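Here the structure comes first, spelled out in C-alpha cells, and everything after it is commentary.
What you see is a predicted model; the values in this text were computed from it and never measured. We name chains A, B, ... by the order of the sequence lines, and we start the count at 1 in each one. The figures that follow rest on heavy atoms only: side chains count, while hydrogens, waters and symmetry mates do not.
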Number of protein chains: 2
Amino acid sequence: MNEIIIELTKNNIKPSIHRIKILEYLRDNRTHPTVDEIYLNLKEGCPTLSRATVYNTLSLFVQSGIVRPLTIEDREIRYDYNTEDHGHFKCEQCGFLSDFEVNVAQLKYEGLEHHEITNKDVYFRGVCNKCLGNKKS
Amino acid sequence: MNEIIIELTKNNIKPSIHRIKILEYLRDNRTHPTVDEIYLNLKEGCPTLSRATVYNTLSLFVQSGIVRPLTIEDREIRYDYNTEDHGHFKCEQCGFLSDFEVNVAQLKYEGLEHHEITNKDVYFRGVCNKCLGNKKS
DNA sequence: TTATAAAATTAGAATTAATCTAAATTGAAA
DNA sequence: TTTCAATTTAGATTAATTCTAATTTTATAA
C-alpha cells in the first residue's frame with residue numbers, strides 16, 4: 001500500500017484512494033485484467049466507483065508508463081503492471097493470456113532510424129499445452 | 001488476378017468475386033487497411049458489397065493464414081497480406097502504421113513448452129521520424 | 001435444361017468496449 | 001470558512017464488430 005503511494009507520487013500522480021486501489025489491484029493480480037474486471041472487483045469494496053474513473057485512471061497510468069496496455073485481444077484492452085521484459089501468449093482455444101520469457105530489449109531491428117521507440121510488445125498466439133492435452137483424450 | 005485465384009484455391013477457399021477482390025486489395029495495398037477502408041474502396045466498383053461480407057471474408061482469410069490481423073490499435077483491427085517476417089511500428093502522434101525489419105522467427109523465448117504457436121507479432125510504438133522532425137520547427 | 005440443395009451475400013438490428021459530457025463531489029490553499 | 005481546481009460520477013453517445021434472417025448465387029443431380 002505504501003509502495004503504491006510512493007510509486008504514484010514518483011510519477012507525479014496524486015494518490016487518490018481510487019488510484020491507489022486500481023494500481024494495487026494491478027500489482028497484486030497479474031492476470032492482465034480488463035477494465036471491467038478491475039471495475040467489478042473494486043466496486044465491492046468501494047460502491048461509488050464508476051467505470052469512467054477506471055478508464056481515466058488507467059490511461060493516466062499508461063501515459064506515465066506505470067502500466068502497459070495489451071492489445072493482443074481483438075476487442076478489448078487488457079492491462080499489465082509494467083515490470084521486466086516479457087512476451088504475451090494468447091491461447092485461441094481457451095482464451096487464456098499468459099506471460100513468457102523473451103528478451104524484447106535485445107531484439108535486433110532495422111528501418112526505424114530516427115524514430116523514438118517508447119514501447120515494445122511481443123505477442124504470440126496459438127494453442128496452450130492444457131488445451132492440446134485435452135484434445136488427445 | 002490469376003495468382004489470387006490460385007492462392008485462394010490452394011487454401012480451399014472458393015474464389016468468389018468478392019473474395020478475389022478483397023485479397024487482391026490487400027495484396028496491392030500494403031497500408032494495413034481497416035475493414036472500413038477495404039469496404040469503402042471496393043464498394044465503388046461493386047456497389048452491392050456489404051460490410052458483413054468483408055468481415056466474413058477477412059476472418060476466413062485469417063483462419064487460413066493468408067492474411068494476418070494486426071491488433072496494434074486500441075479500437076479496430078487492421079489487416080496485412082501475410083508475407084515475410086516483419087514488425088509493425090505505430091506512431092502515437094500521426095497514427096501511421098509502418099513495417100520494419102525484425103527477425104521474429106529467430107526470437108529466443110522460454111516458458112511455452114508444449115504450446116502450439118501459430119502466430120508471432122512484434123509491435124513497437126513511439127514517435128516516427130517525420131513527427132520528430134516537425135516538432136523541432 | 002430444370003429442380004434442389006448448399007454456399008455466399010445482404011441489410012439492418014443488436015451488442016458492447018470505449019469515449020464524452022456536464023454535473024457533483026472532494027481536497028487543498030488562502 | 002471560502003474558493004478554486006482536480007477528481008469522480010452517471011448516463012448518453014459513438015463506433016467497430018457480430019448477429020440474424022432473408023435473399024441471391026452457385027453447384028449438383030435428375
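Remark: Ser16(A) is in phosphate contact with dT8(D), judged by side-chain N or O atoms under 4.0 Å from OP1 or OP2.
Ile13(B) has its CD1 atom 16 Å from the C1' atom of dT9(C), to the nearest Å. The separation between Asn12(A) atom CG and dA6(D) atom C1' is 15 Å, rounded to whole Å. dA8(C) atom P lies 16 Å from atom CG of Leu49(B), rounded to whole Å. Per the geometry, OH belonging to Tyr39(B) stands 17 Å off P belonging to dT18(D), to the nearest Å. The interatomic distance linking Glu73(A) (CD) with dA16(D) (C1') rounds to 16 Å, in whole Å. Rounded to an integer number of Å, the gap from CD1 of Ile17(A) to P of dT9(D) is 12 Å. Remark: C1' of dT16(C) and CG of Asp74(A) are 14 Å apart, rounded to the nearest angstrom. Across the protein-nucleic acid pair, Arg51(A) atom CZ and dT21(C) atom P stand 20 Å apart, rounded to whole Å.
The CD1 atom of Ile66(A) sits 7.5 Å away from the CG atom of Leu60(A) when rounded to the nearest 0.5 Å.
Using the six-membered ring where Trp is involved, His88(A) and Tyr123(A) have ring planes that are tilted, between 30° and 60° apart.
We find that Glu7(B) and Arg27(B) are not joined by a salt bridge, their nearest charged nitrogen and carboxylate oxygen being 4.0 Å or further apart. A salt bridge links Arg68(B) to Asp121(B): at least one charged side-chain nitrogen sits closer than 4.0 Å to a carboxylate oxygen.
When distances are taken from the side chain of Ser50(B) to each of dA18(C), dT10(C), dT16(C), the shortest belongs to dT10(C). Among the nucleotides dT9(C), dT16(C), dT14(D), the one closest to any side-chain atom of Arg75(A) is dT16(C). Distances from the side chain of Arg19(B) to the nucleotides dT9(C), dT17(D), dT7(D) place dT9(C) closest. Set against dT10(C), dT17(D), dA10(D), the side chain of Thr48(B) has dT10(C) as its closest nucleotide. Ranking dA16(D), dT9(C), dT9(D) by closeness to the His18(B) side chain, first place goes to dT9(C).
Between Asn56(B) and Tyr55(A), the residue anchored nearer the 5' end of DNA chain C, judged by the nucleotide with its closest heavy atom, is Asn56(B). The nearest heavy atom of DNA chain C to Val35(A) and to Thr53(B) marks one nucleotide each, and the one closer to the 5' end goes with Thr53(B).
Counting heavy atoms of neighbouring residues, nucleotides and ligands inside a 6.0 Å radius, atom NZ of Lys120(A) exceeds 12 of them.
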